[in-house]
Protein chains: 2
Amino acid sequence: MSISERKEREKESRRQEILKAAQRVFFRNGFEKTAMEMVAEECQLAKGTLYRYFKSKEELYVSLVQDGIEILDKMIVRELQKPLSAEEKLLAAVKAHFDFTQLYHEHFMVFKMIDVGALSGKVDQEKLDAIQRARATAFERMKNVVAEAIKRGEFKTKHRPQEIVMMLWASSFGAIMMCGEKCQQFEMFKEVDAEKFVMRIARGLIESFKTANVAEEPLSHRASPVRTKKTDKVSEVENEVNI
Amino acid sequence: MSISERKEREKESRRQEILKAAQRVFFRNGFEKTAMEMVAEECQLAKGTLYRYFKSKEELYVSLVQDGIEILDKMIVRELQKPLSAEEKLLAAVKAHFDFTQLYHEHFMVFKMIDVGALSGKVDQEKLDAIQRARATAFERMKNVVAEAIKRGEFKTKHRPQEIVMMLWASSFGAIMMCGEKCQQFEMFKEVDAEKFVMRIARGLIESFKTANVAEEPLSHRASPVRTKKTDKVSEVENEVNI
DNA sequence: TCAAAAAATGACTCACAGTCATTCTATTGG
DNA sequence: CCAATAGAATGACTGTGAGTCATTTTTTGA
């Protein structure tokens, strides 16, 4: 051990201090309304110092959620450990995902920003990959539940387990997002109990997996790019339809 | 008519010129990488002039999609006019929504930004409301289809029509988002044909509406706020579960 | 033709991300 | 104990871009 090791520990703990301060400031004011100066002040360091630990404002922000991802995974694991049927387990996992977004909604904010692409290009790919891996863990667990359910005949669907989880995941994500406070675009989503809403979708989907009378196309590989039209004007559609 | 009217026409047409130029620049470079100077240059005006027509960069950006919303509605209408069953109509509407996001994906970008909350507070509420109303139109149409389907017994669900459309809408939205290029977080979503993926979810959900063996909770009104915990640390969950 | 109103301008302010020459601190070798 | 040296911290500085506003240019109406 000794010097160089201690140095490293100290550096790491300083890093953690910065993260804690940053969390307080970012989560209080949001990403855009936070200046690096504010973070610097919160942890009693000079602005320049922050850049010795984090490459950019975005990178610092994203770093805030790396442990948040573990939390999500753990919340899901906790559900999957219980002795439940596959259907119940999946529902519990979706519920856990939902709870996570409510309990740690600032973390969820970051995920949203990532998913919308607002941070891409501004953060090290390595960091994004780490988050991806962590999220994939939770994903993998759900996949296994489905795989078993199919093997045991509890689900009759011809979808591959991965696709099933993807469907659940994407739907929940959309539902949670639409119910969020910031998404003020549809009043109606405000009048709905977000949890019930999310769970209802999940239940509906799972139901369809069990019965599997949905017409199946084979597997799904990305087709050729769709985007043919490149209009600057709102031409075509404009003229075709008259209400 | 005469002067004041002509003035108004001229003002409006200048506004349109700015919008066209802004569209070119914004859609080429994205919101963040576009400077108002660039837009000004594109339409051969001074930067200050832009601010006589639009209150802020965000406002200008959002204004770009106001006609885009009409397009979406029209694309959906076009499908709903065809002589189809309710199920087919709904699927066609979802497909139209999907096509819209692919054909006009810059418009969709703006919607995403709105829904993520990245623009809230920076744009006139009036403007956001206008967008909301326009989006609600498409929504209303789908709602009617469902209402009829329920009346005719084609759907057996006990969900209210509005809730059904919300479920479809939110799920599609999530699915489309996850499949977007910018959402690089899950490799697996890249390997999937986005259209098939979206449609599969929709089909699954609709299937569940038809059979309605999903356990129904009553109607859904937002419960009391969930957020109880306010931890700065990753305490609780951290210790409870060990993998 | 000219005064008043409206529109356009671009130099300016301000805020903030990110940099870097300088200062400070701790370690080490003599 | 005292330099010499390396590494960490600093904050003044630069660059960029949003938004403003006093001034200029254009239009209108008498």
Side-chain angles (χ1 to χ4, degrees), chain A residues 1-22 25-26 28-64 113 118-124 127, chain B residues 1-22 25-26 28-64 113 118-124 127:
Chain A
M1 56 139 69
S2 81
I3 303 155
S4 69
E5 272 186 28
R6 195 206 61 205
K7 274 269 168 106
E8 212 155 307
R9 268 205 318 281
E10 276 173 7
K11 195 157 186 199
E12 179 54 27
S13 88
R14 169 128 301 175
R15 212 185 108 95
Q16 291 303 326
E17 274 171 43
I18 295 175
L19 281 171
K20 272 179 81 167
V25 182
F26 273 121
R28 181 160 56 239
N29 310 316
F31 178 73
E32 253 133 46
K33 283 182 184 159
T34 297
M36 287 301 263
E37 274 293 2
M38 295 160 75
V39 177
E41 198 170 339
E42 179 82 18
C43 56
Q44 319 234 46
L45 289 170
K47 184 165 61 147
T49 309
L50 300 185
Y51 285 90
R52 291 185 48 74
Y53 293 84
F54 300 93
K55 261 181 48 190
S56 70
K57 186 183 173 187
E58 282 82 6
E59 177 121 358
L60 173 55
Y61 188 56
V62 167
S63 302
L64 293 182
M113 280 182 69
L119 300 176
S120 67
K122 298 195 161 188
V123 180
D124 262 5
K127 187 148 292 227
Chain B
M1 56 139 64
S2 82
I3 303 154
S4 67
E5 273 185 28
R6 196 207 61 205
K7 271 265 167 115
E8 214 155 305
R9 267 206 319 280
E10 275 175 7
K11 196 158 185 200
E12 180 55 27
S13 87
R14 168 129 301 175
R15 213 186 107 93
Q16 290 304 326
E17 274 171 42
I18 295 175
L19 281 171
K20 271 179 81 168
V25 182
F26 274 120
R28 182 161 56 239
N29 310 315
F31 178 73
E32 253 132 47
K33 284 184 184 158
T34 297
M36 288 300 264
E37 273 293 4
M38 294 160 74
V39 177
E41 198 170 336
E42 179 83 18
C43 55
Q44 318 236 46
L45 289 171
K47 182 164 62 147
T49 310
L50 300 185
Y51 285 90
R52 292 183 48 75
Y53 293 85
F54 299 94
K55 260 181 48 192
S56 70
K57 186 183 173 187
E58 282 83 4
E59 177 121 357
L60 172 55
Y61 188 56
V62 167
S63 301
L64 293 183
M113 281 183 68
L119 301 176
S120 67
K122 299 195 160 185
V123 180
D124 263 5
K127 187 147 293 227

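Each chain gets a letter, A, B and so on, in the order the sequences are listed, and its residues count up from 1. These numbers come from the heavy atoms of this one structure, side chains and all, not from hydrogens, waters or symmetry mates. Model, not experiment: these values are computed from the prediction.
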How long is the straight-line distance from NZ of Lys11(A) back to CD of Gln16(A), given to the nearest 0.5 Å?
13.5 Å
With side-chain contact (heavy atoms from CB on, under 4.5 Å) as the criterion, how do Cys43(A) and Val25(A) come out once you've worked through the C-alpha distance, each side chain's angles and the decisive distance to 0.1 Å?
CA-CA 10 Å; Cys43(A) 56; Val25(A) 182; over 6 Å; no
Nearest whole angstrom, please: distance from the P of dA8(C) to the CD of Gln44(B).
14 Å
Can you measure Lys57(A) atom NZ to dT19(C) atom C1' for me and round it to whole angstrom units?
17 Å
Could you tell me how far apart Glu58(B) (CD) and dG19(D) (P) are, to the nearest whole angstrom?
6 Å
Identify, with sequence neighbours excluded, every residue that meets side chain to side chain contact (heavy atoms under 4.5 Å, CB included) alongside Glu17(B).
Ser13(B), Arg14(B)
Rounded distance (Å) that lies between atom C1' of dA7(C) and atom CD1 of Ile18(B):
11 Å
Any chance you could measure Lys33(A), atom NZ, to Phe26(A), atom CZ, to the nearest 0.5 Å?
14.5 Å
Measure CG/Asn29(B) against C1'/dG17(D) and give the value in whole Å, please.
14 Å
Using a heavy-atom cut-off of under 4.0 Å over every strand shown, decide if Phe54(A) touches base, sugar-phosphate, or nothing.
nothing
Is there a side-chain polar atom (N or O) of Tyr53(B) under 4.0 Å from OP1 or OP2 of dA7(C)?
no
Between the protein and nucleotides 20-23 of chain D, are there any N/O to N/O pairs under 3.5 Å, and if so, what are the atom names and distances?
none

What pairs of residues pass the salt bridge (Lys or Arg N to Asp or Glu O under 4.0 Å) test when at least one of them lies in residues 37-54 of chain A, not counting sequence neighbours?
Arg24(A)-Glu42(A), Arg28(A)-Glu42(A)
Nearest whole angstrom, please: distance from the P of dG10(C) to the CG of Leu45(B).
10 Å
What distance separates Gln44(A) CD from Thr49(A) OG1, expressed to the nearest 0.5 Å?
12.5 Å
Per atom distances to the Ala46(B) side chain, the nearest of dT10(D), dT9(C), dG18(C) is dT9(C)
Can you tell me the distance, in whole Å, between the NZ atom of Lys11(A) and the C1' atom of dA8(D)?
9 Å
Write down the distance between CZ (Arg14(A)) and P (dT25(C)), rounded to a whole number of angstrom.
12 Å
Which side-chain N or O atoms in residues 54-63 of chain A pair as donor and acceptor under 3.5 Å with protein atoms at least two apart or in another chain?
from: Lys55(A); atom 1: NZ; to: Asp124(A); atom 2: OD1; distance (Å): 2.6
from: Ser56(A); atom 1: OG; to: Glu58(A); atom 2: N; distance (Å): 3.4
from: Ser56(A); atom 1: OG; to: Glu59(A); atom 2: N; distance (Å): 3.1
from: Ser56(A); atom 1: OG; to: Lys122(A); atom 2: O; distance (Å): 3.4
from: Lys57(A); atom 1: NZ; to: Phe31(A); atom 2: O; distance (Å): 3.1
from: Lys57(A); atom 1: NZ; to: Thr34(A); atom 2: O; distance (Å): 2.8
from: Glu59(A); atom 1: OE1; to: Asp124(A); atom 2: N; distance (Å): 3.4
from: Ser63(A); atom 1: OG; to: Glu59(A); atom 2: O; distance (Å): 2.7
from: Ser63(A); atom 1: OG; to: Lys127(A); atom 2: NZ; distance (Å): 2.7

Closest non-hydrogen atoms of Val39(A) and Ala21(A), given as atom of the first, atom of the second and distance, are O-CB, 4.5 Å
Are OP1 or OP2 of dT19(C) and a side-chain N or O of Arg52(A) less than 4.0 angstrom apart?
no
Near DNA chain D, under 4.0 Å by heavy atom, which residues of residues 30-39 of chain B?
Thr34(B), Ala35(B), Met36(B)
